[in-house]
There are 2 protein chains.
Amino acid sequence: MSEQLVDDTSPEGVTDGRVRRGDRTRRVVLRRAVDVASVEGLEGLSIGRLAGELSISKSGLIAHFGTKEQLQLATIRAARAIFVHSVIEPALESTQGMARLRRLLEAWLEYSCDRRFPGGCFFSRAAHEYAARPGAIRDAIAAVDEEWVGLIAATVAEAQAVGEVRADADPALVAFDLVSYLDSANLRSLLLGTDDVYDQARVAVERRLADAAS
Amino acid sequence: MSEQLVDDTSPEGVTDGRVRRGDRTRRVVLRRAVDVASVEGLEGLSIGRLAGELSISKSGLIAHFGTKEQLQLATIRAARAIFVHSVIEPALESTQGMARLRRLLEAWLEYSCDRRFPGGCFFSRAAHEYAARPGAIRDAIAAVDEEWVGLIAATVAEAQAVGEVRADADPALVAFDLVSYLDSANLRSLLLGTDDVYDQARVAVERRLADAAS
DNA sequence: AAACAACACGAACGATCGTACTATTTTCTT
DNA sequence: AAGAAAATAGTACGATCGTTCGTGTTGTTT
């Protein structure tokens, strides 16, 4: 999952001051774009508003991306990089198996509860926005979601291989249950304006892990 | 929950042909509005587009609701009436307790899987759209969600009172887990374009109910 | 110093948005 | 048949949308 997360946010070894300036503003734009989109949605991302908030020109802004749809796709990639850095990478420090699985789930809950994006989980917001609307944006969002659910399932399978999970457990089913708790806590913490649901999710996660453990 | 679900959709005993005509078009508008909003969102509900699709004038359409926000709120009420009719009422035929709980959950899965709204669950779509945006619409959506989760919790409590659920089970926690499965299946059936996730949700529901049963 | 390249800006475009105001048509009342 | 009432239609408004084009501005290369 984390093989190439430098698409838009870190061109690295560029010495040319002109393109460095361009990359800097592109980074500034995307940083703001992910925050706005997590609240207003990817459709609510308006070029004029974004340019106004950043005090740059509409034309100068869109020149970096070509079209609005490409700006939206770049925003998704930028959000994915932030997600990987916030949730995935820290968990990779734990040894694979149940320990890493717990780290992943807890990191996700913190990522949501700490409002790493002001509107909660960026992908939960975007997924519901485009789930029923075919197109490149939906495909990109669906791909990230499958990556995430697949990672959880793979980690369950690892724990199974190590003998920490019962042999008759289906990793895909366990993963389905676990991500369901996370998504539900994310949404309802926003709706209810309280963090209590995160503890409900933690209880649910622990129960599910205990049930699957050998 | 179902004490007053006739707000916008059925004025019933009106004899005046003029207001009957108005109620008819209002019903036509809202029927289309809930379908559009379940796909494009409540913000994507545009008056001009709605009027165009129904071959009526923008001004004539909006005159029924006053402002766009009130049209959106009326759309929420109309969607709630459909939800109550599709999911709640059929389940009330079952005896209270575990039987009714199972009917509620299965009815919800069919309501989502059968695409009673073309974009899947109307409220899941709308909730994520407004979860992080304060206002009347968010409040209305949050209220419906609390009604629904509360109904599931109350039904669990009923089953507990009858002795079908273990005394040490927390109805709120059981309800949290159950609605999480439903929401997750709804979203991912749309994202993946397959109905398999509904079976995953059914397995999860059965496991959770078995764990809570006494 | 001159030529070139990348970025940023301002102005304008057609389109659509929500809304307000003013007829016109339809239906009921008397 | 005449008038009131309600629904519908028509028109126009300012604002914002995404996009395009021409022109500076800044940095690099030769």
What is the distance, rounded to the nearest whole Å, between atom [atom1] of [X] and atom [atom2] of [N]?
X: Phe65(A); N: dG18(D); atom1: CZ; atom2: P; answer: 14 Å
X: Ile56(B); N: dG10(D); atom1: CD1; atom2: C1'; answer: 14 Å
X: Leu61(B); N: dG10(D); atom1: CG; atom2: C1'; answer: 15 Å
X: Lys58(A); N: dC17(D); atom1: NZ; atom2: C1'; answer: 7 Å
X: Arg26(B); N: dA7(D); atom1: CZ; atom2: P; answer: 6 Å
X: Lys68(A); N: dT19(D); atom1: NZ; atom2: P; answer: 8 Å
X: Gln72(A); N: dG18(D); atom1: CD; atom2: C1'; answer: 11 Å
X: His64(B); N: dA7(D); atom1: NE2; atom2: P; answer: 7 Å

Should Phe176(B) and Val149(B) count as side-chain neighbours, where that means a heavy-atom distance under 4.5 Å?
no
Kindly say whether the aromatic ring centers of Phe83(B) and Phe122(B) come within a distance under 6.0 Å.
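For Phe83(B) and Phe122(B), the ring centres are not under 6.0 Å apart.
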Quick one: are the ring centres of Tyr181(B) and Tyr181(A) less than 6.0 Å apart?
yes
When only distance counts, do a donor and an acceptor, one from the side chain of Arg18(B) and one from the base of dA7(D), lie under 3.5 Å apart?
no
Respond yes when some side-chain nitrogen or oxygen of Ser46(A) is under 4.0 Å from OP1 or OP2 of dC17(D), and no when none is.
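It does, given that an N or O in the side chain of Ser46(A) lies less than 4.0 Å from OP1 or OP2 of dC17(D).
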Does the side chain of Arg31(B) come under 3.5 Å of the side chain of Thr75(B) through a donor N or O and an acceptor N or O?
no
Ser55(B) or Ile62(A), whichever maps to the more 5' nucleotide of DNA chain D
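Taking each residue's closest nucleotide, the earlier one in sequence belongs to Ser55(B).
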Could you pick out which residue, Ser59(B) or Val19(B), lies toward the 5' side of DNA chain D when each is mapped onto its nearest nucleotide?
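Nearer the 5' end of the strand: Val19(B).
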For the residue pair Arg133(B) and Tyr130(B), would you count it as a cation-pi contact if the rule is NZ or CZ under 6.0 angstrom from the ring centre and within 45 degrees of the ring axis?
yes
Determine, for Glu106(A) against Arg202(A), whether the closest basic-nitrogen to carboxylate-oxygen distance falls under 4.0 angstrom.
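Yes, charged N to carboxylate O under 4.0 Å.
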In terms of the nearest nucleotide of DNA chain C, which residue is placed more toward the 5' end: Arg20(A) or Leu45(B)?
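Its nearest nucleotide lies further toward 5', so the answer is Arg20(A).
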Comparing Gly17(B) and Gly66(B) on DNA chain C - which has the more 5′ nearest nucleotide
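Upstream on the strand: Gly66(B).
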Heavy-atom pair of closest approach, residues Val156(B) and Pro171(B)
CG1-CA, 3.7 Å
I'd like the 5' and 3' limits of the part of DNA chain C contacted by chain B, with heavy-atom contacts below 4.0 Å.
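Using the under 4.0 Å cut-off, the span is dC17(C) to dC28(C).
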Does Ala63(B) reach a base, just sugar-phosphate, or nothing at all? Heavy atoms under 4.0 Å.
base
